[in-house]
Amino acid sequence: MGSAENNGETNPAWQPAEQTLMFCNNGFNNTPETSSFADDSLKTVFVISQNAQADRNKLRGQDCMARAVHKEWACHVLCDGHGEDGYEIAEDVCRTLSSVILQKIHDRADASQDIEDSLVEESFAECENKIKWADDEKPRTGKYSFIDSPDSEHHGKFGLVKEYKEGAEMVTIQFKDGTPDQFEADFPLTNLKGTKYSGGCTCVCFIYHIPSKRAKIASMGDSRILVIPKSASDLPEHGDEDHFFFEPIETTDKKVVGAMTKTHTLKRHKERKRIEDSNIHKFDIKENNGSLFLVNPDTTHHVEPTRGMGNVIMLNAGFLNKPEVSVSFTIQPETVIIGASDGIFDNKIWKQQDFLQFVTQIRQDHGDNVEQMADTIYNETLEKAYQVYHYKLIDDMSMFFSVAGG
């Protein structure tokens with residue numbers, strides 16, 4: 001173990017003792033695959049399904065999940081990909097991030113201590129750097145390249161590679177692609193740094209110290225984590241202004257409470273203000289069917305989440321690759337932890353208090369059978385999605401469902 005020399009990054013040859021990746025390419029729409037895990041008293045089920053409909057130009061599901069374990073620590077990562085290479089970037093982030101986090105934890109002098117915010121943030125930054133650039137950093141036709149040409153007006157921008165052939169010394173880059181005033185410019189190969197993917201992904205991460213049952217959560221985008229303790233007194237702290245604030249939710253009878261991570265979208269005041277108050281971002285905001293999209297006016301690219309991994313073409317519009325991180329907290333016995341993509345946590349399908357009430361009911365029905373509970377949540381969500389979306393454009397669904405034993 002140990003860090004790579006000189007660059008502060010982790011050793012790329014390091015691997016956690018266990019690592020499992022889950023994605024769905026079983027060829028069947030809305031037919032989930034599941035896996036069960038146990039980290040001492042914490043029992044977990046992963047559930048994931050695809051909806052690769054032809055009219056969405058999708059060949060497989062774009063969600064992915066990872067579980068990695070090394071010595072006393074476990075890490076669950078869930079990503080929801082979007083864009084041309086959404087499924088590839090989600091898989092790469094799941095694999096890379098879970099490994100980097102665990103390696104950085106065990107590179108510390110005392111690996112059993114609570115995790116510092118900086119460790120999580122540095123892990124996300126290292127993962128982003130690893131998945132952002134092509135392995136040889138050369139431009140690729142149809143992908144974006146970073147322009148490092150101080151004498152050019154396009155220095156510091158990303159442009160679309162019109163065509164690159166191996167051995168060519170000059171490369172044609174397109175700007176404002178897809179718009180009437182599209183134009184091109186040629187750049188020396190030495191002034192370009194090629195990206196690996198087109199698109200990006202949201203990401204939530206649950207990091208758990210098995211002996212102490214201490215946990216930390218990181219989040220970016222509109223995938224979320226819900227924590228439901230047995231008692232309201234065991235809710236995670238909201239933290240101070242430097243930490244991520246959970247959104248408290250409760251059932252209508254106020255007998256059950258939970259804490260859910262907030263989304264990073266333009267509907268969240270803090271996120272919109274972050275982008276609008278910046279004097280370096282160039283962006284538009286577009287509304288469609290009740291959703292707000294962040295738009296890069298130079299390329300017309302747009303995304304709904306305002307944070308995530310990848311999406312290099314959106315960085316100049318205010319898209320951010322930095323997560324928000326919770327304070328460390330203790331997972332008390334009988335606590336439920338649910339991490340899910342917006343295919344599950346869709347406010348058109350579930351009102352938050354209704355979802356909380358439903359989880360409470362199935363806990364009474366199924367006791368500690370996490371497999372049955374996860375299966376029931378998935379099936380009920382799918383039925384509701386059919387009703388809302390009339391059997392069309394059902395989103396990929398991914399979820400990890402955990403229950404802490406005594």
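Side chains included, hydrogens not; waters and symmetry mates left out as well; all remaining heavy atoms used.
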Original post:
With no hydrogens and no angle check, is any side-chain donor or acceptor of Glu287 less than 3.5 Å from a backbone partner on Gly290?
Top reply: yes

Original post:
Looking only at atom types and distance, does a side-chain atom of Glu247 sit under 3.5 Å from a main-chain N or O of Ala259, one as donor and one as acceptor?
Top reply: no

**OP:** Compute whether any side-chain donor of one residue and acceptor of the other, for Asp110 and Ser112, lie under 3.5 angstrom apart.
**Re:** yes

Subject >> Side-chain donor or acceptor of His82 paired with backbone N/O of Gly199 under 3.5 Å >> reply: no

Original post:
Rounded to the nearest 0.5 Å, what separation is found between the NZ atom of Lys130 and the CZ atom of Arg95?
Top reply: 12.5 Å

**OP:** Kindly give the heavy-atom pair with the smallest separation between Leu160 and Gly142, and that separation in Å.
**Re:** CD1-O, 3.5 Å

Original post:
For Lys162, does the NZ atom sit with more than 12 other heavy atoms under 6.0 Å from it, leaving out its own atoms?
Top reply: no

**OP:** Please name the pair of heavy atoms, one in Ala218 and one in Val120, separated by the smallest distance, quoted to 0.1 Å.
**Re:** CB-CG1, 3.7 Å

Original post:
Sub-3.5 Å donor-acceptor pair from the side chain of Thr335 to the main-chain atoms of Ile331, do we have one?
Top reply: no

Original post:
Would you say the side chains of Asn316 and Asn296 form a donor-acceptor pair under 3.5 Å?
Top reply: no

Original post:
Parallel, tilted or perpendicular: which describes the rings of His209 and Trp73, with under 30° parallel and over 60° perpendicular?
Top reply: tilted

Original post:
Between Glu128 and Lys322, is there a salt bridge with N-O shorter than 4.0 Å?
Top reply: no

**OP:** Please find out if less than 6.0 Å separates the ring center of Phe37 from that of Phe400.
**Re:** no

**OP:** Output the distance between atom OG (Ser398) and atom CG (Leu78), rounded to the nearest 0.5 Å.
**Re:** 4.0 Å

**OP:** Check for a donor-acceptor pair, side chain of Ser326 on one end and backbone N or O of Ile217 on the other, with a separation under 3.5 Å.
**Re:** yes

Original post:
Is any side-chain heavy atom of Ile337 closer than 4.5 Å to a side-chain heavy atom of Ile225?
Top reply: yes

Subject >> Identified side chain to side chain donor-acceptor pair (under 3.5 Å) partner of Ser223 from the options Thr261, Thr202, Thr263 >> reply: Thr202

Original post:
Can you check whether Phe46 and His76 have ring centres sitting under 6.0 Å from each other?
Top reply: yes

Subject >> Leu97 backbone acceptor or donor facing Glu126 side chain under 3.5 Å >> reply: no

Original post:
Under the side-chain contact (heavy atoms from CB on, under 4.5 Å) criterion, do Met65 and Ile48 qualify, and how do the steps go?
Top reply: CA-CA 8 Å; Met65 293 185 287; Ile48 188 167; 3.9 Å; yes

**OP:** Evaluate whether atom CD of Glu169 has more than 12 neighbouring non-hydrogen atoms of other residues, nucleotides or ligands under 6.0 angstrom away.
**Re:** no

**OP:** For residues His301 and Tyr144, establish whether the separation of their ring centroids is below 6.0 Å.
**Re:** yes

**OP:** Could you walk me through whether Asp346 and Asp395 pass the side-chain contact (heavy atoms from CB on, under 4.5 Å) test, one step at a time?
**Re:** CA-CA 10 Å; Asp346 182 338; Asp395 203 355; over 6 Å; no

Original post:
Just wondering, do Met22 and Ser35 contact through their side chains at under 4.5 Å, heavy atoms?
Top reply: yes

**OP:** Given side-chain contact (heavy atoms from CB on, under 4.5 Å), test Phe345 with Ile338 step by step and report yes or no.
**Re:** CA-CA 10 Å; Phe345 288 142; Ile338 304 172; 4.0 Å; yes

Original post:
Is any NZ, NE, NH1 or NH2 atom of the basic residue among Glu137 and Lys193 found under 4.0 Å from an Asp or Glu carboxylate oxygen of the other?
Top reply: yes

Original post:
Backbone N or O of His154 within a donor-acceptor pair of the Ser152 side chain at under 3.5 Å?
Top reply: yes

**OP:** Decide yes or no on salt bridge (charged side-chain N to carboxylate O under 4.0 Å, His left out) for Glu324 and Lys262, but give the supporting numbers first.
**Re:** CA-CA 10 Å; Glu324 288 194 288; Lys262 295 182 179 179; over 6 Å; no

**OP:** State whether Asp342 and Arg224 are salt-bridged, where the test is any N-O pair (Lys NZ or Arg NE/NH1/NH2 against Asp/Glu carboxylate O) under 4.0 Å.
**Re:** no

Subject >> SB check Asp368 Arg363 (cutoff 4.0 Å) >> reply: yes

**OP:** Heavy atoms only: give me the nearest Lys43-Ala38 pair and the separation to one decimal.
**Re:** CD-CB, 3.7 Å

Subject >> Of Lys267, Arg268, Lys273, Arg274, the residue whose pairing with Glu271 passes salt bridge (Lys or Arg N to Asp or Glu O under 4.0 Å) >> reply: Arg274

Original post:
Hey, mind stepping through Thr172 and Asp186 against side-chain hydrogen bond (donor to acceptor under 3.5 Å, both in side chains) and telling me if it holds?
Top reply: CA-CA 4 Å; Thr172 300; Asp186 293 333; 2.7 Å; yes

Original post:
Rounded to the nearest 0.5 Å, how far apart are OG1 of Thr44 and CG of Asp39?
Top reply: 6.0 Å

Subject >> Atom pair CG (Asp354) and CG (Asn347), whose distance is rounded to the nearest 0.5 Å >> reply: 12.0 Å

Original post:
Does Thr96 offer a backbone N or O that forms a donor-acceptor pair with the side chain of Ser99 under 3.5 Å?
Top reply: no

**OP:** Rounded to the nearest 0.5 Å, what's the gap from OH on Tyr87 to SG on Cys64? Could you check?
**Re:** 12.0 Å

Original post:
Less than 4.5 Å apart, any side-chain heavy atom of Ile207 and any of Ile105?
Top reply: yes

Original post:
Name the one of Leu292, Ile275, Asp222 that satisfies side chain to side chain contact (heavy atoms under 4.5 Å, CB included) with Thr306?
Top reply: Ile275

Original post:
Is there a side-chain contact between Leu266 and Ile285 (heavy atoms, below 4.5 Å)?
Top reply: yes

Subject >> Side chain proximity check, Gln174 to Val161, heavy atoms < 4.5 angstrom >> reply: no

**OP:** Please check if the side chain of His281 supplies one atom and the backbone of Ala317 the other of a donor-acceptor pair under 3.5 Å.
**Re:** no

**OP:** Flag yes if more than 12 heavy atoms outside Asp135 fall under 6.0 Å of its CG atom; otherwise flag no.
**Re:** no

**OP:** State, yes or no, whether a side-chain contact exists between Val256 and Glu250 at a heavy-atom distance under 4.5 Å.
**Re:** no

**OP:** Using a strict cut-off of less than 4.0 Å between a Lys/Arg side-chain nitrogen and an Asp/Glu carboxylate oxygen, indicate whether Glu116 and Lys216 qualify as a salt bridge.
**Re:** no

Subject >> Polar side-chain atom of His264 near backbone of Pro305 as donor-acceptor pair, under 3.5 Å >> reply: no

Subject >> Derivation of the side-chain hydrogen bond (donor to acceptor under 3.5 Å, both in side chains) call for Asp365 and Gln361 >> reply: CA-CA 6 Å; Asp365 296 341; Gln361 181 60 51; 3.1 Å; yes

Original post:
Is it true that Glu166 and Lys138 make a salt bridge, defined as a side-chain N closer than 4.0 Å to a carboxylate O?
Top reply: yes

Original post:
Do the charged groups of Lys282 and Glu276 touch, with an N to O distance under 4.0 Å?
Top reply: no

**OP:** Could you tell me whether Lys143 and Glu84 have a side-chain N and a carboxylate O separated by less than 4.0 Å?
**Re:** yes

Subject >> Separation of Ile377 CD1 from Gln372 CD (nearest 0.5 Å) >> reply: 12.0 Å

Original post:
Quick one: do Asp85 and Lys196 make a salt bridge, cutoff under 4.0 Å?
Top reply: no

Original post:
Hey, does Phe319 have a side-chain heavy atom less than 4.5 Å from the side chain of Val303?
Top reply: yes

**OP:** Could you please spell out the steps behind the side-chain contact (heavy atoms from CB on, under 4.5 Å) verdict for Phe158 and Ser145?
**Re:** CA-CA 5 Å; Phe158 287 90; Ser145 276; over 6 Å; no

**OP:** Taking the side chain as every heavy atom from C-beta outward, state whether Asn191 and Ile147 have any atom pair closer than 4.5 Å.
**Re:** no

